[in-house]
**Q** 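My structure is below; once you've seen it, I'll send some questions.
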Amino acid sequence: MKPTDITENQQSSNENKTEETIRLEKLTKLKNQTKHPFKYTFSKTHKTTDIHENFNTLETGESNETTVTLAGRLMAKRNHGKAFFGNLQDEFGIIQLYANSNKLGEETFNDILSYDVGDIIGIVGNPFKTKRGELTIKVTNIELLTKSLLPLPEKYHGLQNIELRYRHRYIDLISNPHIKETFKIRSKSISFIRNYLEKKEFMEVETPVLHNIYGGANAKPFNTFHNELEQNLYLRIALELHLKRLIVGGFEKVFEIGRVFRNEGISYKHNPEYTLLELYEAYTDYHDMMNLTEELLSALVFNIHNSYKIVYKDTEIDFTPPFKRIKLVEEIQNKCNIDCNNINELRNKAKELNLNVSNEATKGHLIMELYDSLIEPTLIQPTFIIDHPWETSPLAKKHRENDNLVERFELIINGMEIANAFSELNDPEDQFDRFQDQLKAKEKGMEDSQVMDLDYIQALKQGLPPTGGLGIGIDRIVMLLTNSHSIRDVLLFPHMRDKNE
RNA sequence: GAUCCGGUAGCUCAGCUGGUAGAGCAACUGCCUUUUAAGCCGUGGGUCGUGGGUUCGAGCCCCACCCGGAUCACCA
């Protein structure tokens with residue numbers, strides 16, 4: 001479209017003109033005046049926060065002669081005839097701007113008046129404090145860096161509509177700058193974890209996202225297809241099996257922080273794609289993993305909050321190590337007063353609680369059902385729940401003292417599973433049998449059962465040293481650290497159902 | 001998947017027992033040289049989520065559907 005097309009109807013009337021149309025007309029005018037409305041660079045000397053830090057000591061009415069340049073988004077305009085006040089927002093904060101016609105000259109002053117809330121501008125000026133004591137930049141020069149064509153949400157309430165906040169996160173970030181804090185904490189947490197593990201000589205690796213065979217967890221995968229190879233592929237549901245292949249290969253400490261994809265329900269704690277930390281360390285077992293988890297998470301919490309205690313939903317959660325450790329089966333026995341070796345007692349208890357259990361459910365499945373409904377939701381403070389039934393843990397090694405159990409733990413906080421770890425099963429024959437059991441379960445309709453991975457079996461035959469493995473849900477940890485009550489609040493772009501607009 | 005709540009101007013929200021669709025902010029005219037949710041005068045702006053139905057008449061009542069939220073279920 002030629003710019004003139006837009007200006008043709010330019011009249012003083014605003015009938016039926018949307019705000020976008022009005023701004024487009026301004027844009028065209030600028031282009032016609034060869035005032036380029038989309039600049040290439042701007043060099044700034046200060047952030048808004050620098051101004052507050054460096055010049056806050058000014059007396060009311062006092063000026064400082066230092067010339068400063070800043071850039072950001074114009075968030076509010078207050079015109080007073082020949083004077084102008086505005087708010088400039090950058091990534092870090094807000095600073096007030098002041099300009100007057102005398103000092104700036106009429107042309108530049110009129111330029112300022114023509115700017116819209118939302119425009120990106122660069123300014124030159126010097127700091128002073130107004131009569132009312134607000135630190136402000138007296139503008140000596142100003143230029144438009146990017147014209148914004150769409151209005152922003154209401155200045156006082158910001159964008160409140162949850163759906164719009166998720167669908168248009170960029171508006172949310174502009175309009176509700178405090179939510180940036182959540183994502184800064186997320187970034188800082190991941191960075192902390194990475195540094196922490198590197199200090200312990202873990203090596204960060206990257207393994208494939210596209211899998212021929214999905215594995216490492218009980219979950220439904222997303223399917224995709226490689227056109228050239230004419231091959232069905234899956235998006236990974238876990239990092240596990242490839243990382244353990246690397247331990248076979250001789251790396252002794254590896255980790256990956258990666259996105260995994262699970263084709264399942266969405267809830268306040270489930271998003272179809274989420275970020276998982278998995279690490280594996282040769283010559284260790286799940287006890288070592290428990291110590292590592294405790295140490296890592298408490299250090300992380302302390303790093304972010306300068307305390308081991310955080311508040312989540314009005315409840316104080318205390319990450320001071322050591323965390324509580326509870327044996328899963330013992331806990332069920334105590335709580336239900338039943339014999340966990342007796343499948344009938346388990347089944348009756350499950351029925352009594354109206355849990356829908358299939359006829360194929362084993363003792364292990366029943367125990368886990370009871371655990372999920374009776375125990376997990378009650379664990380608010382960080383708690384290791386340990387030694388799971390073997391049937392529901394096909395990649396974990398049998399417990400050294402009890403054949404019915406595996407050496408596994410989950411870390412539960414606020415009723416959410418945060419971490420999952422085990423002494424990795426490294427007996428290829430046992431692993432093969434477990435995969436067979438999974439296949440049988442799948443045939444019986446347990447959709448999420450794992451599939452046979454013969455290459456992984458081959459890797460185990462080559463020899464996997466005794467290894468401890470750990471997975472931590474990054475999103476859920478960030479939920480706790482930021483007091484976010486939905487996983488969508490810690491994802492910049494949470495998955496939303498398609499909406500025809 | 002079930003139940004409940006919500007979807008009205010760009011944004012935040014009112015809208016009673018069914019009777020011509022409202023406010024604030026934002027926008028547009030004008031005034032205003034230290035305001036700050038600036039102020040004052042005036043103006044424009046609506047497919048009331050979508051589609052049916054009931055009714056003389058529907059934002060409001062009924063049905064179906066779409067999107068979101070909460071709770072529950074699912075996620076062995």
Side-chain angles (χ1 to χ4, degrees), chain A residues 11-23 25 60-61 75-87 94-104 109 116-118 128-136 138 149-168 171 175-176 217-220 237 262-270 272 350 354-358 360-373 377 388-389 391-394 417 438 441-442 444-450 485-486 488 494 496-501:
Chain A
Q11 300 292 333
S12 58
S13 146
N14 61 339
E15 248 173 273
N16 293 323
K17 274 187 189 170
T18 64
E19 192 156 345
E20 184 176 0
T21 311
I22 291 163
R23 289 179 182 220
E25 286 169 2
T60 293
M75 293 302 287
K77 291 173 68 182
R78 295 180 288 281
N79 298 341
H80 295 256
K82 297 281 165 48
F84 166 91
F85 288 90
N87 294 343
I94 288 186
I95 188 81
Q96 178 167 263
L97 306 179
Y98 169 77
N100 71 56
S101 180
N102 274 0
K103 187 135 193 169
L104 262 190
F109 189 76
D116 292 301
V117 169
F128 78 108
K129 244 184 200 168
T130 63
K131 281 181 192 168
R132 300 292 180 87
E134 172 137 0
L135 188 58
T136 302
K138 187 173 285 179
L149 295 175
L150 295 174
L152 284 171
E154 206 237 8
K155 63 185 171 188
Y156 188 64
H157 297 92
L159 186 63
Q160 294 297 322
N161 186 306
I162 293 171
E163 183 175 353
L164 294 178
R165 288 186 46 225
Y166 294 153
R167 286 188 191 276
H168 306 293
I171 303 177
S175 181
N176 305 313
N218 295 88
K220 297 186 198 77
I237 57 173
R262 298 192 179 180
N263 206 340
E264 289 169 353
I266 294 174
S267 79
Y268 75 94
K269 54 182 176 180
H270 297 89
N354 274 327
L355 305 178
N356 59 338
V357 288
S358 80
E360 310 298 338
T362 62
K363 277 190 284 187
H365 292 112
L366 292 165
I367 289 169
M368 288 310 286
E369 282 290 342
L370 293 172
Y371 162 76
D372 283 339
S373 71
H388 294 53
E391 296 97 324
T392 57
S393 311
E417 179 189 338
Q438 290 290 308
K442 203 185 244 326
K444 288 174 181 166
M446 291 173 151
E447 277 188 273
D448 292 345
S449 301
Q450 301 191 15
H485 303 167
S486 166
R488 290 180 154 186
M496 300 294 279
R497 199 184 288 261
D498 195 30
K499 192 176 184 181
N500 300 326
E501 287 184 284

**Q** List the residues meeting side-chain hydrogen bond (donor to acceptor under 3.5 Å, both in side chains) with Asn100(A), not counting sequence neighbours, and say none if there are none.
**A**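 Counting only residues at least two positions away or on another chain, Asn100(A) forms a side-chain hydrogen bond (donor to acceptor under 3.5 Å, both in side chains) with Tyr98(A).
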**Q** Can you tell me how far P in rU20(B) sits from the matching atom in rC63(B), rounded to whole Å?
**A**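 These two P atoms come out 25 Å apart once rounded.
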**Q** Name the residue closer to the 5' end of RNA chain B, choosing between Tyr156(A) and Glu369(A) according to the nucleotide with the nearest heavy atom.
**A**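 So the residue in question is Tyr156(A).
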**Q** What's the NE2-P distance between His270(A) and rC72(B), to the nearest Å?
**A**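 Taking NE2 of His270(A) and P of rC72(B), I get 13 Å after rounding.
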**Q** Work out how far the P atom of rG53(B) is from that of rC72(B), and round it to whole angstrom.
**A**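 Pairwise P distance, rG53(B) against rC72(B), rounds to 40 Å.
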**Q** Would you measure the distance from the C1' atom in rC67(B) across to the matching atom in rU8(B) and give it in whole Å?
**A**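 16 Å, rounded to whole Å.
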**Q** Using the P atom in both, what is the distance from rC16(B) to rC11(B), to the nearest Å?
**A**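 Their P atoms lie roughly 22 Å apart.
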**Q** For Tyr268(A) and rC74(B), give me the distance from atom OH to atom P, rounded to whole Å.
**A**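 Answer to the nearest Å: 13 Å.
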**Q** Starting at the 5' end of RNA chain B and moving along, which residue's nearest nucleotide shows up first, Thr392(A) or Arg23(A)?
**A**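 Final value for this comparison: Arg23(A).
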**Q** Just to be sure I understand the rule, does Arg488(A) reach a base, reach only the sugar-phosphate, or reach nothing, if contact means heavy atoms closer than 4.0 Å?
**A**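 Here Arg488(A) touches the backbone only, sparing every base.
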**Q** Is it the case that the side chain of Lys129(A) and the backbone of Leu135(A) share a donor-acceptor pair, with hydrogens and angles ignored and the cut-off at 3.5 Å?
**A**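 Between the backbone of Leu135(A) and the side chain of Lys129(A) there is no qualifying donor-acceptor contact (under 3.5 Å).
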**Q** Which part of the nucleic acid, if any, lies within contact of Gln438(A), taking any heavy atom under 4.0 Å across all strands shown: a base, the sugar-phosphate backbone alone, or nothing?
**A**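 Base contact.
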**Q** Without swapping roles, check the side chain of Asp116(A) against the backbone of Leu149(A) for a donor-acceptor pair under 3.5 Å.
**A**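 Not confirmed, Asp116(A) side chain does not pair with Leu149(A) backbone.
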**Q** Can you tell me the Watson-Crick or wobble partner of rC25(B), both distances under 3.5 angstrom?
**A**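 Pairing partner, where one exists within any strand: rG10(B).
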**Q** If the C1' atom of rG30(B) is compared with that of rA37(B), how far apart are they to the nearest Å?
**A**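 Per the computed distance, 23 Å lies between those C1' atoms.
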**Q** Just to verify, what does Glu163(A) make a side-chain hydrogen bond (donor to acceptor under 3.5 Å, both in side chains) with, not counting sequence neighbours?
**A**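 So Glu163(A) forms a side-chain hydrogen bond (donor to acceptor under 3.5 Å, both in side chains) with Arg167(A), Lys499(A).
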**Q** rG1(B) C1' sits how many Å from Ile266(A) CD1, rounded?
**A**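 Spelled out: CD1 on Ile266(A) to C1' on rG1(B) is 14 Å.
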**Q** Tell which nucleotide pairs with rC4(B), taking only Watson-Crick or G-U wobble pairs whose two distances are both under 3.5 angstrom.
**A**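 Because both required distances fall under 3.5 Å, rC4(B) counts as paired with rG69(B).
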**Q** Looking at residues at least two apart in the chain, or sitting in another chain, which of them share a side-chain contact (heavy atoms from CB on, under 4.5 Å) with Glu154(A)?
**A**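 With sequence neighbours excluded, Glu154(A) shows a side-chain contact (heavy atoms from CB on, under 4.5 Å) to Tyr156(A), His157(A), given in chain and number order.
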**Q** Rounded to whole Å, please give me the gap between CG in Leu150(A) and C1' in rA27(B).
**A**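 Computing the Leu150(A):CG to rA27(B):C1' distance gives 13 Å.
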**Q** Please determine whether a side-chain nitrogen or oxygen atom of Arg167(A) lies at a distance below 4.0 Å from atom OP1 or OP2 of rG68(B).
**A**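 True: Arg167(A) side-chain N/O within range (under 4.0 Å) of rG68(B) OP1/OP2.
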**Q** Dump every N/O contact between nucleotides 33-36 of chain B and the protein below 3.5 Å, one line per pair.
**A**
| unit_1 | atom_1 | unit_2 | atom_2 | d |
| --- | --- | --- | --- | --- |
| rU33(B) | OP2 | Lys82(A) | N | 3.2 |
| rU33(B) | O4 | Asn102(A) | OD1 | 2.7 |
| rU33(B) | O4 | Asn102(A) | ND2 | 3.0 |
| rU34(B) | O2' | Lys131(A) | NZ | 3.4 |
| rU34(B) | O2 | Lys131(A) | N | 3.1 |
| rU35(B) | OP2 | Arg132(A) | NE | 2.8 |
| rU35(B) | OP2 | Arg132(A) | NH2 | 3.4 |
| rU35(B) | O2' | His80(A) | NE2 | 3.3 |
| rU35(B) | O2 | Arg78(A) | NE | 2.7 |
| rU35(B) | O2 | Arg78(A) | NH2 | 3.4 |
| rU35(B) | O2 | Gln96(A) | OE1 | 3.4 |
| rU35(B) | N3 | Gln96(A) | OE1 | 2.8 |
| rU35(B) | N3 | Gln96(A) | NE2 | 2.9 |
| rU35(B) | O4 | Gln96(A) | NE2 | 2.4 |
| rU35(B) | O4 | Thr130(A) | OG1 | 3.1 |
| rU36(B) | OP2 | Arg132(A) | NH1 | 2.9 |
| rU36(B) | O4' | Arg78(A) | NE | 3.3 |
| rU36(B) | O2 | Gln96(A) | OE1 | 3.1 |
| rU36(B) | O2 | Glu134(A) | OE1 | 3.0 |
| rU36(B) | N3 | Glu134(A) | OE1 | 2.7 |

**Q** Look at Arg262(A) and rC75(B) and indicate whether a side-chain polar atom (N or O) is within less than 4.0 Å of OP1 or OP2.
**A**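 Checking rC75(B) against Arg262(A), no side-chain N or O comes under 4.0 Å of OP1 or OP2.
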**Q** List the residues meeting side-chain hydrogen bond (donor to acceptor under 3.5 Å, both in side chains) with Thr392(A), not counting sequence neighbours, and say none if there are none.
**A**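 Partners of Thr392(A) under the side-chain hydrogen bond (donor to acceptor under 3.5 Å, both in side chains) test: none.
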**Q** Using atom CD of Glu20(A) as one end and atom C1' of rG45(B) as the other, report the distance to the nearest whole Å.
**A**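 It works out to 15 Å between those atoms.
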**Q** Taking a pair as Watson-Crick or G-U wobble with both distances under 3.5 Å, which nucleotide is matched to rA37(B)?
**A**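 WC or wobble partner does not exist here.
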**Q** Asn263(A): which residues meet the side-chain contact (heavy atoms from CB on, under 4.5 Å) condition with it, sequence neighbours left out?
**A**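 Scan of Asn263(A) (side-chain contact (heavy atoms from CB on, under 4.5 Å), adjacent residues dropped) gives Lys220(A), Phe222(A).
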**Q** To the closest 0.5 Å, what do you measure between NZ (Lys442(A)) and CD (Gln450(A))?
**A**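 The distance works out to 9.0 Å.
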**Q** Got a sec, which residues hit salt bridge (Lys or Arg N to Asp or Glu O under 4.0 Å) with Lys82(A), two or more places apart in sequence or on another chain?
**A**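 Testing Lys82(A) for salt bridge (Lys or Arg N to Asp or Glu O under 4.0 Å), a comparison that skips the adjacent residues, returns none.
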**Q** Counting only Watson-Crick pairs (N1-N3 plus N6-O4 or O6-N4) and G-U wobbles (N1-O2, O6-N3), all under 3.5 Å, who is the partner of rG45(B)?
**A**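 Paired with rG45(B), as far as the under-3.5 Å criterion goes, is no nucleotide at all.
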**Q** For Leu355(A) and rC72(B), what is the distance between atoms CG and P respectively, to the nearest whole Å?
**A**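 Taking CG of Leu355(A) and P of rC72(B), I get 15 Å after rounding.
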**Q** Could you tell me how far rG59(B) sits from rU36(B) if I compare only their P atoms? Round to whole Å.
**A**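 Straight-line distance between the two P atoms is 41 Å.
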**Q** Can you tell me the distance, in whole Å, between the CG atom of Asn79(A) and the P atom of rC28(B)?
**A**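 Spelled out: CG on Asn79(A) to P on rC28(B) is 10 Å.
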**Q** Suppose you measure atom P in rC56(B) against the same atom in rU17(B); what distance do you get, rounded to whole Å?
**A**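 To the nearest whole Å, 22 Å.
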**Q** Both distances under 3.5 Å, Watson-Crick or G-U wobble: report the partner of rU54(B), or none.
**A**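 Its partner: none found.
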**Q** Using the C1' atom as the reference point in each nucleotide, state the distance between rG49(B) and rU43(B) in Å, no decimals.
**A**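 The answer is 30 Å between these two C1' atoms.
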**Q** Starting at CD1 of Ile171(A) and ending at P of rA26(B), how long is that distance when rounded to a whole Å?
**A**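 That distance rounds to 18 Å.
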**Q** Going by heavy atoms in the side chains, are Glu264(A) and Asp448(A) under 4.5 Å from each other?
**A**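 Yes; the side chains approach each other to less than 4.5 Å.
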**Q** Going by side-chain hydrogen bond (donor to acceptor under 3.5 Å, both in side chains), name the residues that satisfy it together with Ser393(A), two or more places apart in sequence or in a different chain.
**A**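 side-chain hydrogen bond (donor to acceptor under 3.5 Å, both in side chains) list for Ser393(A), sorted by chain: Arg408(A).
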**Q** Between the protein and nucleotides 11-14 of chain B, list every N/O to N/O distance that falls short of 3.5 Å.
**A**
| unit_1 | atom_1 | unit_2 | atom_2 | d |
| --- | --- | --- | --- | --- |
| rC11(B) | O2' | Glu154(A) | N | 3.0 |
| rC11(B) | O2' | Gly158(A) | O | 3.4 |
| rU12(B) | OP1 | Gln160(A) | N | 3.0 |
| rU12(B) | OP1 | Asn161(A) | N | 2.8 |

